[in-house]
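Note: hydrogens, waters and symmetry copies are ignored here, and every other heavy atom, side chains too, is used.
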Amino acid sequence: MDAALPMTSIDPRDRVALRDWATAGRAAFLQPAPTEEALDERLAEVADHRLTAVRDVVGGEERVVATLRTFDAEVAVPGAEPVVVDAVSTATVLPTHRRRGLLSRMLTADLERARDGGLALAALIAAEAPIYGRFGFGTATRSTSLVVDHTHVRFRPDAPSAPGSLEFVPAGRTEDLARVHDRARRARPGGFPRDAAWWAAAGRRGEGRWLGTRGHVVLHRDEAGVPDGYVAYDLADTSTGRVAGGTATVADLSATTPAAYRALWEFVTSIDLVRSTRAADRPVDELLPHLLVDPRAVQTGPVDDFLWLRVLDVVGALSARRYLGAGTLVLEVVDPFGLAGATVRLHVAPGERGDGEGWLSPEVSTTGAAPDVVLGVGELASLLLGGTSAVALHRAGRLRCSPADAHALHRLFATPEAPWCPTWF
């Protein structure tokens, strides 16, 4: 580990320092230096974020050779209010300075700061899985892609529907979209917030943005006129000769009710001259096929990891969510970094399910009792939102326990919907 290179904080309001920081970060991802317009957007985006840089003297000039950006955000957890997490992003090291421990220094210092500040979790989207698995992060949500063949789309007569209306949203008018997204992301484990800077950037359409020059946004309102869903999509003319064959690409579709969700998909799949729709970063348990007479009209692509979590406080992380199953298990959580190792008793008592959805509150405490399950801190992170099977982890040799206890752990952590995070950060 190269402790000689200084690790410093960057003032996100300092345009010159931010340009140097952003240039190094973009270079690590094989991107050009930011334009002045991009730098303006970056200034707004990171105004209240924590920026770290490692500097070295290169060619007689001091330059940024490694970067890290973190900020406080929320992640929705099963059955409870979203929990504040340390969101980690822009973790880069220039190719000239690899394998010198720079990422380890920056990330370890930040995770210790977050833990000491009372946060139970950190979150990131991993560019390379082995790197962050090594730091104790585990896959918490997964996403897939869809290709919908419009010629085979016919909605079932019993598919949810309700009176409502659709309207095109002018570029830059994102207030209703932001409100819909915020309600929707709180309702499903893995949901992540989008701040004002995110929506401001989304309102500016063009090449390389949320929506391209041929992009559109359609808002759905319920019978009372309340916005309850939207779809953002781009169009491309992929016709052969004079045979119509356009393609719609959904950048974002969010809805707070099944009826609004159905109305938006029905709209997209019935656009004149468009024969297919593609959508990326969709939930692995997408509802659309279940609404169709022919579910084969929807083809799903590869399933990829998306949001990763890192447990910083075992008791805090387990207490933050609610559970559908009942039972008692002693868990020994092993953390090679020494940040969050603990042996805890997780007890979920059967009882009144007064919230109408069946969620039960846990009792979590440290204990000296012998563990029923021994697992790594990354495995706990993967289980936490309900997106990974404890039985599968046990069969893979990643949990030390009996098959019966693996099944008991699976029942405790299971959720009705797969966790999903469609927001890059």
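- Ion pairing between a basic and an acidic side chain is recognised when a charged N comes within 4.0 Å of a carboxylate O; Arg221 and Asp176 show such pairing.
- When only modelled atom types and interatomic distance are considered, Ser254 and His181 share no side-chain donor-acceptor pair under 3.5 Å.
- There is no side-chain donor-acceptor pair under 3.5 Å between Glu266 and Tyr261.
- A donor-acceptor contact closer than 3.5 angstrom links the side chains of Arg69 and Ser89.
- For CZ of Arg13, the number of neighbouring non-hydrogen atoms (other residues, nucleotides, ligands) closer than 6.0 Å is 12 at most.
- Geometrically, Arg411 does not engage Phe413 in a cation-pi contact, judged by NZ or CZ lying under 6.0 Å from the ring centre and within 45° of the ring axis.
- Look at Asp72 and Arg50 and you find a salt bridge, because one of the NZ, NE, NH1 or NH2 atoms lies within 4.0 Å of a carboxylate O, short of that distance.
- In this structure, a donor-acceptor pair under 3.5 Å is absent between the side chains of Thr257 and Arg262.
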Go through the steps to decide whether Phe306 and Trp424 satisfy the test ring pair (Phe, Tyr, Trp, His ring centres under 6.0 Å), and finish with yes or no. CA-CA 9 Å; Phe306 196 88; Trp424 290 83; 4.9 Å; yes

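- Judged by distance alone, the side chains of Arg275 and Thr247 never bring a donor and an acceptor atom under 3.5 Å apart.
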Checking salt bridge (charged side-chain N to carboxylate O under 4.0 Å, His left out) for the pair Arg209/Glu37: CA distance, chi angles, key distance, verdict? CA-CA 13 Å; Arg209 296 186 181 274; Glu37 180 184 16; 2.9 Å; yes

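- Donor-acceptor pairing under 3.5 Å is recorded for the side chains of Thr277 and His150.
- Donor-acceptor pairing under 3.5 Å is lacking for the side chains of Thr90 and Thr67.
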Walk me through whether Asp252 and Tyr233 qualify under side-chain hydrogen bond (donor to acceptor under 3.5 Å, both in side chains). CA-CA 7 Å; Asp252 196 15; Tyr233 63 95; over 6 Å; no

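- Just one of Val314, Thr328, Leu412 meets the side-chain contact (heavy atoms from CB on, under 4.5 Å) condition when paired with Leu346; it is Leu412.
- With values rounded to the nearest 0.5 angstrom, Arg345 atom CZ is found 13.0 Å from Leu318 atom CG.
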Working note: Ser143 + Arg282, criterion side-chain hydrogen bond (donor to acceptor under 3.5 Å, both in side chains); need CA distance, chi angles, decisive distance, verdict. CA-CA 5 Å; Ser143 300; Arg282 298 301 303 170; over 6 Å; no

